[in-house]
2 protein chains.
Amino acid sequence: MTANPSDRQPGATTRRGRRPSTSPLQLEEVAFGLFASKGFEATTVDDIATAAGIGRRTFFRYFESKNDVVWGSFAEHLDYMRQRFAECPPDQPLMDAVRTVVVDFNRFDPDEVPWHRRRMELILRVPALQAHSTLRYAAWREVVAEFAARRLGMSVGDLVPQALAYAALGAALAAYEHWLAHPGEQLSDIIDSTMRDLAGGFGAR
Amino acid sequence: MTANPSDRQPGATTRRGRRPSTSPLQLEEVAFGLFASKGFEATTVDDIATAAGIGRRTFFRYFESKNDVVWGSFAEHLDYMRQRFAECPPDQPLMDAVRTVVVDFNRFDPDEVPWHRRRMELILRVPALQAHSTLRYAAWREVVAEFAARRLGMSVGDLVPQALAYAALGAALAAYEHWLAHPGEQLSDIIDSTMRDLAGGFGAR
DNA sequence: AGCATAATGGCATCGAGTGCCAAAATGGAA
DNA sequence: TTCCATTTTGGCACTCGATGCCATTATGCT
């Protein structure tokens, strides 16, 4: 279970000290297994650490909290979304751009879908995670707000881009909940439809 | 600091056992004082209990968690919102109704405003409370979704009313954050403007 | 005075999270 | 090979939120 020494980065000076005995991804897999069998709340950090063959203290060097385990490498994914926004044609209407990017950001390979569903079931249904996730959503909103602000010639902190980002997040969450409740449907279709409703002001007249 | 015996409900059979030694409201006031001086995180439940002259164990009979203290009597307020929705003229366009009710729901007497601001500063700025508040927001959304569903001839769980509720919540939160950052402005004006943006699809064309 | 009722608060326990630090592992240099 | 610098590990102690258990206290009724 030790990392392969040949994994070293080519450019980097060869590493010095002791090698990490596991990885975030590996811990995530172990943890998800336990969550699936015992449930999230009933799984203690000790359980995860023991199952992964590390000390409890070490677990907290890989993840800030037990909650964070379920979020995987979300921060890196956000970079992708930011990049997708940057690539939007300047003449594309704001809400069209938001819709297409959000839909795109939530596209997954068919073989990743079951895993993603399990992740989202935890995030959206376990109260402790529902709560904690709010903090992650802030980063997501910021990416949307940055883009909206740029397009509207405002600053990120301004009311309109912030409200837009908040509303877009809400729409996406509603779409996700629907997706969890209706396994037959396509996530991207649901998000697309919901973002259209949002852009249409939910039929306001 | 003992409740007045003459506080008894007229219709109720006279109470039997020992009288409560404090009240949620009183605890809330004590707690807010401590939060203001030491900060939320640095204030322990022991601090609050001691300051209120009760045992730590008793505190948890008045509030499920330390987080819950800041929410006061939110559940009862929600009943008011539900009622306001029920009173909306049937011919009033959906998003107009949502806007006016949400604006109305967030109107406060001028003398309540400073207290409300302190409450919302905690809720929106302390990470632990930001996270925990998500759970409270669910109840708020449900009220909006119920109304939207009724108006749209759908069920509460359906995608559109849920998305609408989520988006309305988002808009309201953005408005609140703006209000906290701009003490000079009127909360109801900010919310009204933000809800109009939402109903207008943020200028989608 | 005695009884039923209701709130209190101490005690023990669990689990998340953190600071501290000695021990283990590893590559490079003498 | 030996020693050193570096990095990770994991045990220990501690804080704090939260919960179950239960004897104690206060209160009104009979």
Side-chain angles (χ1 to χ4, degrees), chain A residues 1-24 26-27 31 34-35 38-71 126-129 131-132 135, chain B residues 1-10 12-24 26-27 30-31 34-35 38-71 126-129 131-132 135:
Chain A
M1 278 306 159
T2 313
N4 189 329
S6 63
D7 285 346
R8 275 172 286 170
Q9 291 297 331
T13 354
T14 39
R15 26 167 311 106
R16 292 281 267 172
R18 181 172 177 167
R19 249 168 285 141
S21 56
T22 183
S23 70
Q26 200 173 109
L27 280 183
L34 291 172
F35 296 159
K38 315 177 51 172
F40 179 84
E41 320 263 17
T43 304
T44 70
V45 173
D46 262 316
D47 292 337
I48 303 173
T50 304
I54 61 171
R56 162 202 171 65
R57 190 63 186 82
T58 301
F59 172 89
F60 285 107
R61 289 212 183 78
Y62 284 84
F63 294 100
E64 281 194 12
S65 72
K66 178 181 153 188
N67 294 331
D68 279 309
V69 179
V70 300
W71 276 92
V126 175
L129 293 175
H132 176 259
L135 308 174
Chain B
M1 279 307 157
T2 314
N4 189 327
S6 62
D7 285 346
R8 275 172 284 169
Q9 291 296 331
T13 356
T14 40
R15 25 166 312 102
R16 291 283 267 175
R18 180 173 178 168
R19 248 167 285 142
S21 56
T22 183
S23 71
Q26 198 175 108
L27 279 182
V30 169
L34 291 171
F35 296 160
K38 315 176 53 172
F40 179 84
E41 320 264 17
T43 304
T44 70
V45 172
D46 263 317
D47 292 337
I48 303 173
T50 305
I54 61 170
R56 162 200 173 66
R57 190 63 186 82
T58 301
F59 171 89
F60 284 106
R61 289 211 183 80
Y62 283 84
F63 294 99
E64 280 194 13
S65 72
K66 178 180 153 189
N67 293 331
D68 279 309
V69 180
V70 300
W71 276 92
V126 175
L129 293 175
H132 175 261
L135 309 175

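Please read these numbers as outputs of a predicted model, since none were measured by experiment. Labels below follow one simple rule: chain letters A, B, ... track the order of the sequence lines, proteins then strands, and each chain is numbered from 1.
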Working to the nearest 0.5 angstrom, can you tell me the gap between [X] [atom1] and [Y] [atom2]?
X      : Y       : atom1 : atom2 : value
I48(B) : F59(B)  : CD1   : CZ    : 4.5 Å
I54(B) : R56(B)  : CD1   : CZ    : 11.0 Å
K66(B) : H132(B) : NZ    : NE2   : 12.0 Å
E41(A) : L129(A) : CD    : CG    : 7.5 Å

Sub-4.5 Å side-chain heavy-atom contact between R15(A) and P20(A): yes
[X] [atom1] to [N] [atom2]: how many Å, rounded?
X       : N       : atom1 : atom2 : result
R16(B)  : dA6(C)  : CZ    : C1'   : 10 Å
H132(B) : dG17(D) : NE2   : C1'   : 12 Å
R56(B)  : dG17(D) : CZ    : C1'   : 6 Å
E41(B)  : dT15(D) : CD    : P     : 18 Å
L27(B)  : dA7(C)  : CG    : P     : 14 Å
N67(B)  : dG17(D) : CG    : P     : 10 Å
I48(A)  : dG15(C) : CD1   : P     : 12 Å
K66(A)  : dG17(C) : NZ    : P     : 8 Å

In short, F63(A) meets L27(A) closest at the heavy-atom pair CE1-CB, 3.7 Å
Give a yes/no on whether any side-chain N or O of R15(A) is located under 4.0 angstrom from OP1 or OP2 of dG28(C).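 Checking dG28(C) against R15(A), no side-chain N or O comes under 4.0 Å of OP1 or OP2.
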Return no unless some side-chain N or O of S21(B) is found under 4.0 Å from OP1 or OP2 of dA7(C). no
Using a cut-off of strictly less than 4.0 Å between a heavy atom of the residue and any atom of DNA chain C, enumerate the qualifying residues of residues 57-65 of chain B by number.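 Per residue number, the list reads R57(B), T58(B), R61(B), Y62(B).
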Residues that D46(B) engages under salt bridge (charged side-chain N to carboxylate O under 4.0 Å, His left out), provided they are two or more places apart: none
Residue T14(B), side-chain heavy atoms: nucleotide from dA18(D), dG28(D), dA16(C) that is nearest: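 Shortest atom-to-atom distance from the side chain points to dG28(D).
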Taking the side chain of R18(A) as its heavy atoms from C-beta onward, which of dT27(D), dT25(D), dT8(D) lies nearest to it?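 Output: dT8(D).
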Specify the residue among G17(B) and I54(A) whose closest nucleotide of DNA chain D lies further upstream toward the 5′ end.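 Going by which nucleotide is closer to the 5' end, it is I54(A).
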